[in-house]
Amino acid sequence: MLVVFEKFLWFVLLFVSIYFCIIVCLSSIDRYYTKSTHIGLERNYHFWNTTLPSLTICPMERLDNTLFADYCRKNGIKGPEKAIFWDFLENLANSTYVNFQNIPQSDQIDQIIKDIGLKPEHYMEVIYNLTVDSTYTPSEVNRTRCVDGQTFIHVRQVLTEYGLCYLGNSRLGEKYSSRYLIFGKYPEFNKYEHERRLIQYLEGSFFEKDVQYTLMGFSSPALDSYIHSAFEVMKVDTNFGYTTDGVVYDPISKEITADDNLERQVT
Ligand SMILES: *[C@@H]1O[C@H](CO)[C@@H](O)[C@H](O)[C@H]1NC(C)=O
Ligand SMILES: *[C@@H]1O[C@H](CO)[C@@H](O)[C@H](O)[C@H]1NC(C)=O
Ligand SMILES: *[C@@H]1O[C@H](CO)[C@@H](O)[C@H](O)[C@H]1NC(C)=O
Ligand SMILES: *[C@@H]1O[C@H](CO)[C@@H](O)[C@H](O)[C@H]1NC(C)=O
């Protein structure tokens with residue numbers, strides 16, 4: 001009796017497994033005929049536009065002599081006090097994490113600040129007021145400008161950890177500008193930039209051999225430069241050091257992995 005029962009059980013199990021095997025096969029065939037999916041990847045390098053990196057440049061000489069003289073005249077700062085006050089403000093404008101200890105301290109400075117009623121919360125405003133935004137300089141040779149051939153690329157003055165600097169080729173909004181950060185107002189219309197074709201940022205694709213721009217027109221003999229993504233603000237760890245000469249940066253994109261001469265050799 002038990003043998004017969006066992007045989008029957010095995011027969012049922014075999015039958016059930018064959019049944020489900022056929023069901024699964026049929027549903028696969030059905031899916032193949034009725035629900036097929038095509039996955040394709042289009043790789044057209046010609047359309048891979050990349051924004052060139054931004055450049056932030058901080059002039060190491062900050063305040064403007066004429067504006068400072070005016071400010072001293074209005075506030076009655078004269079003689080030796082003027083030199084002391086200049087030294088204080090210039091170092092304050094140039095101060096950042098690494099050089100806070102350079103800001104001069106003395107009773108004389110405290111006295112001057114007290115006399116003119118200058119409060120610490122207004123230091124940045126005074127520095128801003130005594131700094132010329134050189135992107136508005138009428139003379140083109142002395143204007144801070146960013147160019148690619150005959151095209152202007154927008155440059156703006158920004159407030160950073162390193163004081164007032166200039167930013168070119170950025171995709172950030174106009175709220176990232178010194179005027180907006182200090183006074184809450186958008187930068188004034190720059191008619192000089194609109195004298196030629198103006199773009200906000202420069203793009204290049206893998207196939208263009210030569211995409212470049214130049215940021216120039218600084219009166220300060222020493223400059224501090226930072227390169228960063230056009231989508232970001234300047235970062236202290238991308239500092240390229242002080243320079244007194246013109247500098248050429250040659251950024252290389254590591255995102256595109258390809259053989260040399262790929263664009264000419266592949267079919
Ligand atoms: C890439 O840039 C080129 C040149 O500026 C432009 O003609 C083209 O339309 C851009 N392509 C895309 C996909 O934005
Ligand atoms: C500004 O600070 C840097 C150090 O961060 C220093 O090398 C430079 O000489 C300073 N510039 C002036 C004008 O004091
Ligand atoms: C800076 O200049 C603005 C506009 O000219 C003026 O309203 C403001 O009082 C000045 N700030 C200081 C601290 O002198
Ligand atoms: C540009 O600046 C230099 C140095 O500050 C000055 O000598 C020259 O006259 C300026 N050029 C113009 C056209 O204003």
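Side-chain atoms are counted along with the backbone in the values below, which use heavy atoms only and exclude waters and symmetry mates. In what follows, residues are counted from 1 in the order of the sequence shown. One-based numbering, in listed order, for ligands and for the atoms of each.
Numbered from 1 in the order shown, with element, the atoms of ligand 4 that lie under 4.0 Å from a heavy atom of Ser139 read 12 (C), 13 (C), 14 (O). Of all atoms in ligand 4, numbered sequentially from 1 with element shown, those under 4.0 Å from a heavy atom of Asn142 are 1 (C), 2 (O), 3 (C), 8 (C), 10 (C), 11 (N), 12 (C), 14 (O).
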Contacts table for ligand 3: protein N or O within a distance under 3.5 Å of ligand N or O, distances only.
unit_1	atom_1	unit_2	atom_2	d
ligand 3	2 (O)	Asn129	OD1	3.0
ligand 3	2 (O)	Asn129	ND2	2.4
ligand 3	11 (N)	Glu125	OE2	3.0
ligand 3	11 (N)	Asn129	ND2	2.9

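For the atom pair CG (Leu2) and NZ (Lys7), the distance works out to 11.5 Å, reported to the nearest 0.5 Å. Taking CD of Gln200 as the reference point, atom CD of Glu174 lies at 6.5 Å (rounded to 0.5 Å). Atom CZ of residue Arg156 and atom OG of residue Ser170 lie 4.5 Å apart, to the nearest 0.5 angstrom.
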Could you tabulate the donor-acceptor pairs under 3.5 Å formed by side-chain atoms of residues 20-30, not counting sequence neighbours?
unit_1	atom_1	unit_2	atom_2	d
Ser27	OG	Val24	O	3.0
Ser28	OG	Val24	O	3.2

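Judged as a disulfide bond (SG atoms under 2.5 Å apart), the pairs with a partner in residues 121-190 (not counting sequence neighbours) are, in order, Cys58-Cys165.
Ser54 places a side-chain N or O within donor-acceptor distance of the main-chain N or O of Asn169, the cut-off being under 3.5 Å.
Cluster partners of Leu198, by chain and number: Val147, Phe152, Met216. The rule joins Ile, Leu, Val, Met, Phe, Trp and Tyr whenever side-chain heavy atoms lie under 4.5 Å apart.
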